[in-house]
Amino acid sequence: MDFNFTEEQQMVRDGLARLVREEYGSETRREVIASDAGWRPEIWAQLAELGILGMPFSEEDGGFGGGAIDAMVVMEEFGKGLVVEPFVPTVVCAGGFLKHAGTAAQKEEHIGGIVSGERIFAFAYAEPKGRYDLADLQTTAKKDGDGYVLNGHKAVVIGAPWASHLIVTARTSGEQRDKDGISVFIVDKSAEGVVTRDYATFDGRRASEVYFENVSVPADALIGEEGAALPLIERVADEAVAALCAEVCGAMKVANYMTLEYSKQRKQFGVPIGKFQVLQHRMADMYTEYEQAVSLTYYATLKLDAPERERKLAVSTAKVRIGQAAHKIGQEAIQIHGGNGMTDEYAIGHYFKRLTLFDSEFGNVDHHMKRHIALSAG
Amino acid sequence: MNLEFTQEEIAFREEVRAFIEENHPKYLEGMGNREDMTPEDMTAWHKILGRKGWSAPAWPVEYGGTGWTPTQRYIWSEENARVGTFMPLPFGISMVGPVIYTFGNDAQKQQHLPGILSGDVWWCQGYSEPGAGSDLASLKTTAVRDGDHYIINGQKTWTTLAQHADWGFFLCRTDPDAAKPQEGISFILVDMKTPGVEVKPIKLIDGGHEVNETWLTDVRVPVENLVGVENQGWTYAKFLLAHERSGIAGVARSKRGVEKLREIAAQETIDGKPLISDFDFARKVSQLEIDLAALEYTELRTLAGEQAGKGPGPESSILKIKGTEIQQRLTELTLEAVGSYGTPMYGSIADVGSNQYPIGPDYAQLSAATYFNMRKTSIYGGSNEIQRNIITKMILGL
């Protein structure tokens, strides 16, 4: 058993830590997320230059031969600075589909652009009525000659305003909640009939409601097997969860640190509030929650290539426990910061919002608890 | 990063599994922690391990340890948990033994270590006092030098299983005028047969007799029984407590406990269906299992750190807090699972060897007693509040 990072991973971590520290201060971030663009293409270009966007791809696909652990290292540093750029949808999700199921032509077409930072993806999997069930789909893709015609409405597609392409899950056959009949498509966002309504999210990102109105896509837009894509979607979603867990660990680490520092500075009744045992014990619990979250992030990440049941159990275990930890740490951090924590000006509130909204990405605590129960029942 | 065991570790697992299979007494299988075990039952496995040279895996090889890596020790505890062995009591192997080989003199090592390893000498711990629980430094028991002897007077409490003990290790105040309460304390070994040592049972809420009051009245102990330097006992006491905490997470046993809980909940019924298929109950079991996974991988990270040469640090307080919370939650859910058959008092007339006919299913009989008993885990070994103090002071720097 080995929990050490390689020298290379350590270097990536140090490089990113510096980038986030120097270029991604909380003041700057606050200005950027309020701006029209809402993100920083120049940071994205820097990430491409550093090789971060190509890290998880194999060398023959034009990447640097890394894997899930490398993504974990990246995401943890992103979490520390609440980086909003769309690494998960583009590199982890679209990258995952291409790696696991892309044809040679599809890889050729897309991976180079991802690695160079020119091609940005969003993952349109959720639907207004789906509530975390990846198979609960009303979006349809009907066979039409050699290609398909897409119709439907995808909800809260993170990063879609910045994306050039979408990965879309749709039903090619079957009923709304059937596990069979699900397919995945790569869709150019500029295709005719793709309509987006863009908006900001509370945690500083941008998302869209995406509508498909008779969108025609060619046959080679299909990625993976027609009608049998659910296991593939679940696998990519699990990889996204592991990456998000790492991000949230980074964010929790900083939230804990800020709270601790605040408690040493802020005085009440003539003493720093950190001297009060009732707050000390709560911060000890926050620290304990964080350490356990790190443990489960390693666990989930290292099990991503395990057999399906083992992988799903590990990922759900992590998502439940880290969802709970993120809620607890976020709420306690605000409470200990007192009124200051409620202000937009104090960075802690921004961490709190990200920690809170993590829960609803790719299934909340209840959803993954149910999956854990179902898997445990055998 | 890699979660897999190496080929050597897998081979090691097979070796210990085979050893346990061949050597663990069948009549003790699954007995681990039953309250009606005799002292002979409790030491049986220890003695077998002593003969094999496996009773003190964590000790240095020169004193009789195994030289196993932390990962091997983890595998060892998992394999023992699988069959529910009763592991050697901690007082000799995990507590006084390391103090003696680290701070004791050669004569003490020669006199005491063999009996600790073999399981032939039963030890007990004389730390707590009626007025000094987690505030251990306020202890009042005195040891006054009188020629070649110390004269010890005072009262200890919570002396676990002292009714069977041959020897005890006691913290005594040797300098009442020391500047700080932590100073002026000495670590002294006492033969429990010495005149003036009196052990009185304390009956606990679970109905069992596990702990005692120990009264020491003009107990004459040779000065050779002082460990290390006079008045430096606090240092050894802290060293011992850190050792005690390092094995306290109890992950392997709790994992087995969750399996048993699932087995019980598959037999119990609700609305004519297995209890485990009830969503509310299943959710609690899953939550427990999820919390246990978080603890397990935190312990593995700690072990990996140890393997890389980092000693058990204040992080072990996390293992203590979460480990004991999970043990308590597990017994709570087990009691909940058995329903009303948790209510009959098992062995309620006599302390041991009750020959009453059993009431309800086997698995229900000890569920309440175990639940009541396990409330101790967040109190002993430095209460969980004290562990939080350690985290805030040593890690958070408050």
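In the text below, chain A, chain B and the rest are named by the order of the sequence lines, each starting its count at 1.
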Do A/Q292 and B/D291 pass the side chain to side chain donor-acceptor pair (under 3.5 Å) test, and can you show the C-alpha distance, the side-chain angles, and the key distance before you say yes or no?
CA-CA 9 Å; A/Q292 299 202 108; B/D291 291 348; over 6 Å; no
Given side-chain contact (heavy atoms from CB on, under 4.5 Å), test B/Q287 with A/Q324 step by step and report yes or no.
CA-CA 11 Å; B/Q287 180 76 58; A/Q324 292 166 333; 2.7 Å; yes
Check against side chain to side chain donor-acceptor pair (under 3.5 Å), B/E385 and A/Q277
CA-CA 10 Å; B/E385 286 72 24; A/Q277 196 181 49; over 6 Å; no
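Between chain B and the options A/A318, A/A314, A/S295, the largest number of non-hydrogen pairs under 4.5 Å is found for A/S295. The candidate with the highest count of non-hydrogen atom pairs below 4.5 Å against chain A, out of B/L303, B/I321, B/I395, B/V285, is B/I395.
Proximity to chain A (any heavy atom under 4.5 Å) is shown, for B/Q307, by neither the backbone nor the side chain. A/T301 does not touch chain B: none of its heavy atoms, backbone or side chain, sits under 4.5 Å away. Within the 4.5 angstrom heavy-atom criterion, only side-chain atoms of A/E289, from C-beta onward, approach chain B. Only the side chain of B/I391 comes within contact range of chain A, with heavy atoms under 4.5 Å apart. Looking at B/E296, there are no atoms closer than 4.5 Å to chain A (heavy atoms on both sides), in backbone or side chain. Interface remark: B/L396 contributes backbone and side-chain atoms alike to the contact with chain A (heavy atom separation under 4.5 Å). Interface remark: B/K322 contributes side-chain atoms only to the contact with chain A (heavy atom separation under 4.5 Å). In this structure, chain B has a heavy atom under 4.5 Å from the side chain of A/M72, while its backbone stays farther away. Both the backbone and the side chain of B/L300 come within less than 4.5 Å of a heavy atom in chain A.
Side chains of A/D2 and B/M1 form no contact here, defined as non-hydrogen atoms less than 4.5 Å apart. The side-chain heavy atoms of A/E291 and B/R301, taken from C-beta on, include a pair separated by under 4.5 Å. A/Y287 has its side chain out of reach of B/T392: every pair of non-hydrogen atoms, C-beta onward, lies at least 4.5 Å apart. A/K275 has its side chain out of reach of B/L398: every pair of non-hydrogen atoms, C-beta onward, lies at least 4.5 Å apart. The side-chain heavy atoms of B/E4 and A/L302, taken from C-beta on, include no pair separated by under 4.5 Å. Using a 4.5 Å heavy-atom threshold, the side chains of B/S286 and A/K370 count as separate.
Between the CE atom in A/M369 and the CZ atom in B/F279 there is a gap of 7.5 Å [rounded to 0.5 Å]. Interatomic distance, B/R388 CZ to A/D285 CG, rounded to the nearest 0.5 Å: 4.0 Å. Atom CD of residue B/E289 and atom CG of residue A/L313 lie 7.5 Å apart, to the nearest 0.5 angstrom. Summarising the geometry, atom CZ belonging to B/F281 is positioned 11.5 Å from atom CD1 belonging to A/I373; distances are rounded to the nearest 0.5 Å. The CG atom of B/L3 lies 5.5 Å from the NZ atom of A/K303; values are rounded to the nearest 0.5 Å.
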